[in-house]
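Here is the structure we will look at, set down as structure tokens.
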Number of protein chains: 2
Amino acid sequence: MTPETLERSSKWLARANLRPTRQRLSLATLLVGDGQHRHVTAEGLHAASVAAGDKVSLATVYNTLRAFCEAGLIKEVTVDGTRSYFDTRTDDHPHFYYEEDGTLVDANAAQMKIAALPTPPTGYEVAKVDVVVRLRKRD
Amino acid sequence: MTPETLERSSKWLARANLRPTRQRLSLATLLVGDGQHRHVTAEGLHAASVAAGDKVSLATVYNTLRAFCEAGLIKEVTVDGTRSYFDTRTDDHPHFYYEEDGTLVDANAAQMKIAALPTPPTGYEVAKVDVVVRLRKRD
DNA sequence: GTATATGCAAACCGTTTGCATGGCT
DNA sequence: AGCCATGCAAACGGTTTGCATATAC
């Protein structure tokens with residue numbers, strides 16, 4: 001791990017006033033260590049941390065992902081009823097979901113033009129707009 | 001129940017070559033008996049069937065909703081990781097999701113203009129585009 | 001008569017929680 | 001020292017499944 005990787009992860013945690021514990025640093029590094037955006041599931045992130053040689057319990061992965069979420073560092077994306085996905089990019093943007101293997105990736109937001117949004121009922125405001133483009137293999 | 005209600009439900013099942021059992025007719029009637037579109041959860045539909053005096057087991061509600069889905073009579077909508085929603089309207093259209101109570105309703109599709117969609121990667125085609133506008137109470 | 005649908009209860013699986021231990025400041 | 005994070009295992013809740021019974025055709 002390069003020094004920049006560690007520093008980026010530390011600052012990311014510091015930004016949200018989260019104590020830089022070994023486990024959080026490990027997960028933060030896996031999430032944003034290289035400055036790229038990522039979409040992970042709890043199981044997937046846990047597997048990655050084990051593969052990286054860091055010992056983090058599955059429960060801690062869940063608790064930590066939730067903590068990151070509440071701190072606004074990541075966002076949950078609902079695309080599959082059976083799994084939760086977390087996105088390191090926190091602004092509203094469209095996603096591609098590969099039905100074949102359950103992979104989630106960012107779609108090019110610039111290509112997505114929502115000219116008009118349905119008017120929210122009175123008394124309500126838009127919290128978030130989720131756009132998921134589900135993809136299947138072309139035959 | 002009016003005769004039209006029963007006939008509509010029967011034809012709806014017949015359209016998909018599904019045997020008109022008592023349970024299926026009951027659920028079909030609750031879903032499309034009045035010709036309106038509906039968004040239900042398995043638990044909600046089960047409660048409705050019990051309230052209507054029809055005895056249908058929860059397992060059968062699940063199996064039946066799945067069967068209706070596979071037959072193309074309804075579509076599953078993923079908006080909440082903890083529950084599955086089913087929509088009697090089967091074309092792509094935007095939804096309003098009330099975070100406060102988990103209600104799902106159709107948004108006015110005419111007001112929703114997607115001028116451009118992100119280009120799918122080569123080898124893949126768009127299976128479905130889910131648009132969920134999450135609403136929160138305005139303070 | 002044969003294939004299929006139903007009901008029950010148990011299994012399932014991702015996620016959450018209680019509580020004792022350990023680490024950060 | 002005090003508060004907070006971690007880990008384990010048990011609990012949880014929605015959904016699925018195996019199997020015996022009942023129903024449609």
Side-chain angles (χ1 to χ4, degrees), chain A residues 6 9-14 16-30 39-50 52-71 73-74 76-86 102 104, chain B residues 6 9-30 39-50 52-71 73-86 102 104:
Chain A
L6 183 59
S9 307
S10 304
K11 285 197 171 163
W12 194 67
L13 290 177
N17 291 314
L18 289 171
R19 291 182 179 174
T21 66
R22 179 179 62 75
Q23 292 86 338
R24 284 177 180 172
L25 265 173
S26 162
L27 298 180
T29 298
L30 291 167
H39 303 82
V40 303
T41 61
E43 295 272 1
L45 184 59
H46 182 243
S49 82
V50 168
D54 299 323
K55 293 164 224 354
V56 184
S57 82
L58 185 54
T60 295
V61 172
Y62 275 106
N63 293 337
T64 302
L65 282 173
R66 169 160 317 265
F68 287 178
C69 247
E70 279 164 10
L73 292 174
I74 61 179
E76 189 169 359
V77 186
T78 303
V79 283
D80 175 331
T82 69
R83 259 186 290 261
S84 290
Y85 287 79
F86 297 89
L104 187 70
Chain B
L6 183 59
S9 307
S10 304
K11 285 196 171 161
W12 193 67
L13 290 178
R15 216 169 81 202
N17 291 314
L18 290 171
R19 292 182 179 176
T21 66
R22 180 179 61 76
Q23 292 86 338
R24 283 177 179 172
L25 264 172
S26 162
L27 299 179
T29 298
L30 290 167
H39 303 82
V40 303
T41 60
E43 295 272 2
L45 184 58
H46 182 243
S49 82
V50 169
D54 298 322
K55 295 165 223 354
V56 184
S57 81
L58 185 54
T60 296
V61 172
Y62 276 107
N63 292 337
T64 302
L65 281 173
R66 169 164 313 270
F68 287 178
C69 247
E70 279 165 10
L73 291 175
I74 60 178
K75 277 221 173 159
E76 189 169 358
V77 186
T78 303
V79 283
D80 175 329
T82 70
R83 259 187 290 261
S84 290
Y85 287 80
F86 298 88
L104 187 70

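Keep in mind that what you see is a predicted model, and the values were worked out from it rather than measured. In the text below, chain A, chain B and the rest are named by the order of the sequence lines, each starting its count at 1.
The side chain of A/Arg66 approaches C/dT15 more closely than any other nucleotide in the set D/dT15, D/dC25, C/dT15.
Between B/Pro20 and B/Ser84, the residue anchored nearer the 5' end of DNA chain D, judged by the nucleotide with its closest heavy atom, is B/Ser84.
OP1 and OP2 of C/dC13 both lie 4.0 Å or more from every side-chain N or O belonging to A/Thr82. Residue A/Tyr62 places none of its side-chain N or O atoms closer than 4.0 Å to OP1 or OP2 of C/dT16.
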Can you give each donor-acceptor pair under 3.5 Å made by side-chain atoms of residues 21-28 of chain A, sequence neighbours left out, with the distance rounded to 0.1 Å?
residue	atom	partner	partner atom	Å
A/Thr21	OG1	A/Arg24	N	3.2
A/Arg22	NH1	A/Lys55	O	3.2
A/Arg22	NH2	A/Lys55	O	3.3
A/Arg24	NH1	A/Arg19	O	3.3
A/Ser26	OG	A/Asp54	OD2	2.8

For residues 60-71 of chain A, which side-chain donor-acceptor pairs fall under 3.5 Å, sequence neighbours excluded?
residue	atom	partner	partner atom	Å
A/Thr60	OG1	A/Ser57	OG	3.1
A/Asn63	ND2	A/Ala59	O	3.3
A/Thr64	OG1	A/Thr60	O	2.6

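Take A/Glu43 and apply the side-chain hydrogen bond (donor to acceptor under 3.5 Å, both in side chains) test, not counting sequence neighbours, and it matches no residue. Partners of A/Ala14 by side chain to side chain contact (heavy atoms under 4.5 Å, CB included), not counting sequence neighbours: none found.
If you check every strand for non-hydrogen atoms under 4.0 Å, A/Thr41 touches nothing.
In this structure, the helix from C/dG1-D/dC25 to C/dT25-D/dA1 shows an angle of 30° between the axis at its start and the axis at its end, each fitted on 5 base pairs and rounded to 10°.
The two residues B/Leu58 and B/Ala42 have their closest heavy-atom pair at CD1-O, 4.3 Å.
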Letter by letter from the 5' end, nucleotides 1-11 of chain C scores (B base, S sugar-phosphate only, - none; protein heavy atoms under 4.0 Å) --BSSSBBB--

